Structure formats: C-alpha cells, structure tokens
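Because the structure is predicted, anything quoted here is derived from the model rather than measured. Each chain gets a letter, A, B and so on, in the order the sequences are listed, and its residues count up from 1.
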Protein chains: 2
Amino acid sequence: MKTTITDVAREAGVSMKTVSRVLNNEPNVAEATRERVKEAARSLQYSPNLAARGLASSRSYLLALIYDNPSPSYVTNLQGGAIEACRKSGYHLIIEPMTAEQLRSPEAETMLSRLNVDGVILTPPLCDDIDLRTMLKRLNISYVLVAPEKPGRAPTVIIDDRMAARQMTDFMLGQGHKRIGFICGHASHSSSHHRMEGYQQALEAKGIAYDPELVAKGDFSFRSGVEAAERLLADPQTRPTAIFASNDDMAAGVVSVAGRMGIGVPEQLSVCGFDDTPLAQILWPKLTTVAQPIGEMGRKAAEILIDRSGGGNPGVHTLDFELVIRESTRAPAG
Amino acid sequence: MKTTITDVAREAGVSMKTVSRVLNNEPNVAEATRERVKEAARSLQYSPNLAARGLASSRSYLLALIYDNPSPSYVTNLQGGAIEACRKSGYHLIIEPMTAEQLRSPEAETMLSRLNVDGVILTPPLCDDIDLRTMLKRLNISYVLVAPEKPGRAPTVIIDDRMAARQMTDFMLGQGHKRIGFICGHASHSSSHHRMEGYQQALEAKGIAYDPELVAKGDFSFRSGVEAAERLLADPQTRPTAIFASNDDMAAGVVSVAGRMGIGVPEQLSVCGFDDTPLAQILWPKLTTVAQPIGEMGRKAAEILIDRSGGGNPGVHTLDFELVIRESTRAPAG
DNA sequence: TTGAAAGCGCTAACAC
DNA sequence: GTGTTAGCGCTTTCAA
C-alpha cells in the first residue's frame with residue numbers, strides 16, 4: 001500500500017491540508033508544525049502522487065521538450081540541462097521528437113492538450129514555427145524559445161550567433177587569412193543567417209570585399225559540407241586559405257575532402273566549425289570551433305518555465321559562447 | 001474550458017461510463033452506441049486527461065527511460081524507437097539520465113515512486129545494476145532490460161553481441177588477416193564481455209591461438225581507443241594487421257593514432273568498430289562496423305511495457321544485427 | 001448492454 | 001495557524 005497524504009497527516013497529528021501546505025512550501029504554518037510534518041513524511045518515505053497533484057491543481061510537474069533536431073549531441077546536451085533544472089524542482093521531462101509535418105496533424109494537438117504539461121521547450125527549427133506557437137497559445141500552454149529566429153513575445157534563450165561568427169572570423173583574419181570561405185547552415189535555421197551575418201560583418205570591418213564565390217550553401221549535414229568543400233576547393237588558384245563551416249559536421253566534411261585532395265589541414269587550409277560537438281575533438285586535426293552552452297540553454301529554458309510565477313517573463317536571456325581554438329587553424333602559408 | 005468526458009456523454013446521449021468504455025476499447029458496448037460516442041468525441045475534439053486517468057486507474061500512460069550512457073547517438077536512437085511505440089498507444093516518455101551513484105540516493109527512490117510510471121526501460125550499464133532492479137521490484141514498477149549482462153527474470157531485449165563479434169572477426173579472418181588485435185569495452189558493460197568472447201571463438205574455430213598481446217583494455221571512449229592503439233601499434237615488427245575495436249569511438253581512436261604514425265588505413269591496417277554510430281560514416285576512411293538496431297530495441301522495450309497485459313512477459317527478445325562493410329578494412333598487404 | 005455512485009490523492013476555497 | 005469541505009476528470013465497483 002502506498003502512503004498517502006492522510007497517512008502523513010495522521011502520523012504528524014495534523015490535518016491533511018497542513019501537510020499539503022508544508023509540502024508546497026506555503027506560508028502560514030508554525031515552524032514546529034512544519035518540522036513535525038517533514039519528519040513524519042520522511043519516516044513514512046512519503047512522496048506525493050504526481051497524477052493526483054496534477055488533477056487537483058493546475059500544475060502537472062511535467063515539462064515537454066519538443067524538437068526536430070538531427071544532431072544527437074545537441075539534443076542530449078539540451079536534455080541534460082533541462083533535466084537538471086527539473087530535478088531541482090521535482091519536475092520531470094517528457095520528450096517529444098517530432099517533425100514539423102507531424103506537428104501539423106490533428107493528433108499532435110490532441111496529444112499536446114491531453115498531456116497537460118506546465119510548459120514546453122521549443123528548439124530550432126520548431127521554435128520558429130508560427131503555427132506551432134499559435135497552437136500552444138490556443139491551448140494555453142506556456143513555452144520557451146531556444147535560439148529562435150526572432151525573439152517574439154515568449155521568453156527566449158539565445159546566444160549571440162552573429163557575434164560568435166564575427167569573432168571567429170576575426171580570429172582567422174587576425175591569423176593573416178584574407179580569403180576565408182564560408183559554408184552556410186540550413187536556411188530554415190535562424191542561426192544560419194546570424195552566423196552568415198557575423199562572417200560578413202567581420203570582413204566588412206576589416207575592409208575586405210565580400211566575395212560570393214567564397215560562400216557555399218549547406219544544410220548542417222556532413223554530406224553538404226563535403227559538397228560545399230568540393231566546390232570551394234576545386235580551383236587551386238582561387239581556393240580560400242581558410243574555411244569557416246557553420247557547424248562541426250560540415251567542417252568535418254571539409255576536412256575529409258581536403259584529405260582526399262591532398263590539401264593539408266591546417267598547413268594549407270585552416271578549417272573551423274561551430275557547436276563544439278564531440279566530433280570536434282575526435283577529428284584529426286582537432287577542430288577549432290565555437291562552443292555553445294547548449295546544456296545551459298536547456299537548463300535556463302526549464303527554469304523559466306518552472307518559475308513562471310512572473311506570469312510571462314517575456315525576457316530574452318543571452319548566454320555566453322566561447323571560441324575553442326584547437327589544431328585545425330593556423331596562419332596561412334607563405 | 002476543456003471538454004471532459006461528461007461533455008462527450010451528454011453530446012452522445014449516453015452515460016459517462018459508456019464513453020469510458022468506448023475510449024478504452026472495452027467490450028459490452030453496442031456497435032451503434034460505440035460509433036455515436038466516437039463521433040461525439042471527435043466533434044468535441046475531446047481527449048482524456050492524463051492525470052485524471054492516472055489517478056483513477058493504475059496506469060499513468062507514462063514510461064520512463066533511465067540511462068547512464070555517454071553516447072548521444074545511442075541515447076537518441078533508443079529514445080526515438082521508444083517514442084514511436086509510445087505514440088502508437090497514447091503513451092509518453094519521461095527521460096531520466098542518471099549516474100549509478102545518483103541512483104543510490106534516497107531521492108532517486110522517492111522520485112521513482114512518486115512518478116508512478118507504468119514501466120521503466122533500463123539500458124547498459126544501469127540494466128545490470130542489481131540494487132536498481134531490486135528497488136524497482138520493491139516499488140512494484142515493471143521494467144525491461146535492454147542488452148543486459150544476463151537476461152534475468154525481467155523481459156529483456158538484446159542482440160547477440162557474441163555472434164556479431166564472431167562474424168566480424170570471421171570477416172577479417174576471411175580477408176586473410178592472421179594477427180587481429182582487439183580492444184575491449186568498459187568492463188561494466190555486458191556487451192564488452194560478449195564481444196570479446198565472439199572474437200575469441202572466431203579465432204579458436206579457425207585454429208588460431210589466442211594471443212593476449214593482441215588484446216588491449218578500453219572503456220568505450222575515444223581516448224581509451226587512442227591509448228590501446230598506441231600500445232598495440234608500438235612495435236612495427238609484431239603489430240597486428242587488423243584491429244577490432246569494441247565500439248566506433250575507440251575505432252576512431254585507432255584510426256587517429258594510425259594517421260599520426262603514418263600507418264595507412266586500410267592499406268597497412270584494417271580497422272573495424274561496433275555500433276555504426278554516425279561517426280562511422282564521418283571518419284575517413286569510412287568505418288566497417290556492426291549496426292545494432294538500437295531504435296528497434298527501444299521500440300521493442302516500450303512495446304513490451306505497454307502490452308504487459310501478459311503480466312510478466314519474461315521472454316528474451318533477440319533482434320537482428322548487421323555487418324556494415326565500408327572502407328576501413330581490406331586484405332592484408334603482402 | 002448500460003448506468004449510478006463511490007472513490008483515486010491531492011489542492012482550493014473558505015471557515016474557524 | 002489550522003481544519004473542513006468540495007471537487008479536479010476519470011475508472012471501478014455494483015446494480016439494473
């Protein structure tokens with residue numbers, strides 16, 4: 001038999017409601033009573049039933065993480081951070097990987113409404129899905145945006161992608177590179193645009209003309225990095241001395257192509273990525289990249305949802321990134 | 001205002017209980033009534049409240065995935081499979097990444113008991129944690145073991161690691177390799193032992209003496225693969241012509257060391273891994289490896305928990321693996 | 001084949 | 001500061 005709140009009440013010699021007050025850290029309980037109840041709960045190994053709480057109150061102590069992200073390390077990092085925040089407050093995390101398409105089905109809406117979560121964390125590219133945001137508003141479910149295109153009215157957690165790309169470009173410029181290639185990310189991800197902007201601004205600030213020939217499209221996949229690199233490196237006369245890929249997977253593609261073409265990295269070609277995935281350390285040479293505090297972002301997002309006592313907290317929370325300089329970049333030869 | 005079961009009952013002109021029967025696919029409802037209720041539910045966009053269901057019945061429609069696995073791609077694959085099975089039956093997945101240490105804290109038990117999940121999926125190395133299994137039994141929470149050391153009494157989902165390692169070793173033997181190195185996985189993972197056994201059995205079957213000098217310890221990390229390879233490849237006279245690493249990360253370590261030492265892969269050294277993580281395709285050369293149906297395993301585990309109508313289903317479910325031959329293996333030179 | 005009533009374990013609203 | 005009384009929305013008796 002599971003112990004219930006009445007068992008604790010009996011043990012502590014108080015009413016059920018007082019126990020409830022203590023458990024929820026509500027005021028208006030004498031300190032002595034509070035201690036007695038806590039002691040009783042401990043000795044009975046009592047822990048409140050989530051479903052009963054959820055039914056009686058408005059909170060379910062459940063958060064959902066909805067995502068459509070192909071990168072396992074991104075996803076697990078984010079999950080890890082969110083989980084940590086949840087643990088601290090007795091919350092649990094439900095994960096709902098879902099394509100944008102699945103999201104549009106009526107079942108998705110049904111699922112979300114029956115779930116009765118206290119909040120939802122939205123990551124790219126779903127966080128930029130207006131239909132989804134509208135649906136959540138209609139269902140009256142609060143949500144936090146992680147790294148969206150535009151902040152919007154909901155609380156938002158971001159890093160400054162533009163600034164990070166700019167600093168990374170500056171770093172390579174500082175090493176003496178003049179012809180720096182750039183591989184864009186998937187057009188539907190907001191960060192792609194911001195990173196591109198940062199690259200352009202850095203060049204501009206140094207008075208280097210923007211050359212479209214040095215920019216290749218990509219979609220964040222390894223394969224697209226390979227294709228982009230093949231184009232960028234095709235002509236030995238005009239090829240760049242450095243390539244800035246918008247994420248590590250694509251940077252790995254560049255390294256792979258360079259290897260096949262006999263172009264030494266970093267001797268003849270500097271390469272850098274973005275995200276600092278595990279891959280960045282596994283590659284040889286180890287990849288210079290930008291570390292996003294992905295776990296932190298997950299944690300922050302969950303915290304916002306949990307403390308949404310403010311009722312909205314429509315702030316934008318910008319977390320710090322970090323340039324990680326490893327072995328794939330150096331001053332150009334000659 | 002959310003629509004409840006009474007709204008549907010009113011709309012369909014039946015009692016609440018009949019609606020409940022229809023929703024849960026219980027017998028003893030006239031077909032006409034059943035249809036009418038379904039129609040009413042649809043038109044009202046009704047979906048049952050999870051918390052209320054969980055409170056009134058014994059099921060919470062929640063499954064938990066508890067894991068302590070450092071590999072993001074393993075984790076997300078498993079999650080993906082489990083989620084698919086959950087979706088089909090209106091279940092949701094709660095994730096609880098947790099170290100073995102955290103698991104031993106009293107809070108972990110409290111957390112598990114309050115959670116009131118219908119079942120728990122346990123992955124290596126946690127699935128071999130006797131204390132955890134005992135705790136779950138005490139809490140009367142059913143669980144499924146994914147790839148445990150020994151099947152035990154609980155339902156179990158495995159692949160035949162031993163046979164897979166044996167076939168992979170056979171493959172290299174068939175290419176003409178006589179000196180095949182082996183890098184073990186973490187000793188606490190059951191699969192480590194099984195893979196080692198398969199390697200040994202393959203050699204034995206071909207009448208090749210087992211040479212401890214060709215076997216190195218590892219712990220599934222890239223770094224440990226590097227260290228193992230450094231030892232295995234140290235002596236040019238006696239070094240193996242092929243190395244079988246117990247997972248892809250360690251195989252990547254081997255490839256990296258070989259690169260540094262000027263040993264061509266696969267020209268002078270064949271390398272293969274296990275798991276077929278994304279890394280296997282990103283490496284250059286692409287890695288020969290064993291593909292585990294990790295997603296399938298997650299799906300199967302969730303299905304077992306959901307259909308636990310059998311009351312126990314103490315079977316062992318063995319899923320198929322697949323050798324993936326890529327570019328990192330070939331016949332030895334000479 | 002259907003329905004009425006009684007909870008599941010908790011919190012909210014209002015007494016005291 | 002504390003207790004009483006109703007529910008939350010559903011499933012489970014048990015009766016019709």
Side-chain angles (χ1 to χ4, degrees), chain A residues 1-38 40-41 44-62 90-91 110 113-118 140 309, chain B residues 1-38 40-41 44-62 90-91 110 113-118 140 309:
Chain A
M1 205 51 225
K2 288 223 164 135
T3 63
T4 73
I5 197 169
T6 36
D7 298 327
V8 179
R10 199 183 316 114
E11 176 78 12
V14 296
S15 81
M16 190 175 138
K17 177 60 206 172
T18 302
V19 177
S20 172
R21 283 201 183 92
V22 173
L23 264 44
N24 295 297
N25 284 314
E26 284 170 31
N28 295 332
V29 181
E31 203 44 49
T33 317
R34 196 178 286 275
E35 276 315 312
R36 198 145 36 87
V37 170
K38 277 189 179 166
L44 260 41
Q45 294 211 53
Y46 169 76
S47 77
N49 177 311
L50 261 191
R53 260 192 171 172
L55 186 54
S57 71
S58 47
R59 356 180 54 175
S60 62
Y61 290 88
L62 253 26
Y91 270 70
T110 302
S113 78
R114 76 136 51 118
L115 203 44
N116 194 25
V117 290
D118 287 353
N140 201 23
S309 45
Chain B
M1 205 50 225
K2 288 220 166 139
T3 65
T4 74
I5 197 169
T6 36
D7 298 326
V8 178
R10 199 182 316 114
E11 176 78 12
V14 296
S15 81
M16 191 173 138
K17 175 60 208 174
T18 303
V19 177
S20 172
R21 283 201 183 91
V22 173
L23 262 44
N24 295 298
N25 284 315
E26 283 170 33
N28 294 333
V29 180
E31 204 44 51
T33 318
R34 197 178 286 275
E35 276 315 312
R36 198 145 35 86
V37 170
K38 278 188 179 169
L44 261 41
Q45 292 210 55
Y46 169 76
S47 79
N49 176 310
L50 261 192
R53 259 191 171 173
L55 185 54
S57 72
S58 47
R59 355 181 56 176
S60 63
Y61 290 87
L62 255 25
Y91 271 70
T110 302
S113 78
R114 74 136 51 119
L115 203 43
N116 193 27
V117 290
D118 287 352
N140 200 24
S309 45

Query - Contact summary for B/G54 and A/A51, nearest pair of heavy atoms - result: C-CB, 4.1 Å

Query - Whole angstrom value for the distance that separates P of C/dC10 from CZ of A/R53 - result: 8 Å

Report summary line: The nucleotide from C/dT11, C/dC10, C/dA4 with an atom nearest the side chain of A/S20 is C/dT11

Query raised in the report: Can you tell which of C/dA12, C/dC10, D/dG3 lies closest to the side chain of A/S15?
Result: D/dG3

Query raised in the report: Could you give the CZ-to-P distance, from B/R10 to C/dT2, as a whole number of Å?
Result: 20 Å

Query raised in the report: Can a side chain N or O of B/N24 be found less than 4.0 Å away from OP1 or OP2 on D/dT11?
Result: yes

Query raised in the report: Once you round it to whole Å, what is the distance between C1' of C/dC8 and CG of A/D7?
Result: 14 Å

Query raised in the report: Separation of A/L23 atom CG from C/dG9 atom P, in whole Å?
Result: 15 Å

Query raised in the report: Within this structure, what is the CD-to-P distance between A/E35 and D/dG1, rounded to whole angstrom?
Result: 15 Å

Report summary line: Quick note, A/T18 side chain, CB onward, closest among C/dG3, D/dT2, D/dG9 is D/dT2

Report task. Determine: side-chain N/O of B/T33 to OP1/OP2 of C/dT2, distance under 4.0 Å, yes or no. Result -> yes

Report summary line: Taken to the nearest whole Å, CG/B/N116 to C1'/C/dG9 is 11 Å

Report task. Ignoring backbone atoms, test whether B/Y46 places a side-chain nitrogen or oxygen under 4.0 Å from the OP1 or OP2 oxygen of D/dC10. Result -> yes

Query - Minimum heavy-atom distance between B/S47 and A/T110, given as atom pair plus value - result: CB-CG2, 3.3 Å

**Report entry** Spacing of A/I5 atom CD1 relative to C/dA12 atom C1', expressed in whole Å
**Finding:** 13 Å

Query raised in the report: Quick one: do the B/Y91 and B/D118 side chains pair a donor with an acceptor below 3.5 Å?
Result: yes

Query raised in the report: Ignoring hydrogens and angles, does a donor from either the side chain of A/R21 or the base of D/dT2 sit under 3.5 Å from an acceptor on the other?
Result: yes

**Report entry** Side chain A/R36, main chain A/A12, donor-acceptor under 3.5 Å
**Finding:** yes

Requested in this report: Measure from CD on A/E31 to P on D/dT2 and round the result to the nearest Å.
Outcome: 10 Å

Report summary line: Picking from C/dT1, C/dT11, D/dG9, the nucleotide nearest the side-chain atoms of A/M16 would be C/dT11

Query raised in the report: Does the side chain of B/N24 pick up a donor-acceptor pair with the side chain of B/R53 at under 3.5 Å?
Result: yes

Query raised in the report: Looking only at heavy atoms, which two atoms of B/Q45 and B/T3 are closest? And how far apart?
Result: O-OG1, 4.3 Å

Query raised in the report: 5'-most contact on DNA chain C: B/R36 or B/L55, nearest heavy atom basis?
Result: B/R36

Requested in this report: Indicate, with a heavy-atom threshold strictly under 4.0 Å, whether A/P48 touches base, sugar-phosphate, or nothing.
Outcome: sugar-phosphate

Query raised in the report: Between B/N28 and C/dT1, is there a side-chain N or O to OP1/OP2 distance below 4.0 Å?
Result: yes

Query - Listed nucleotide nearest any side-chain atom of B/E26, set D/dG3, C/dA12, D/dT12 - result: D/dT12

Requested in this report: Using only heavy-atom distances, decide whether a donor-acceptor pair under 3.5 angstrom links the side-chain of A/K17 to the base of C/dA12.
Outcome: yes

Query raised in the report: Nearest to the side chain of B/S57 - C/dC10, D/dT11, C/dG9?
Result: D/dT11

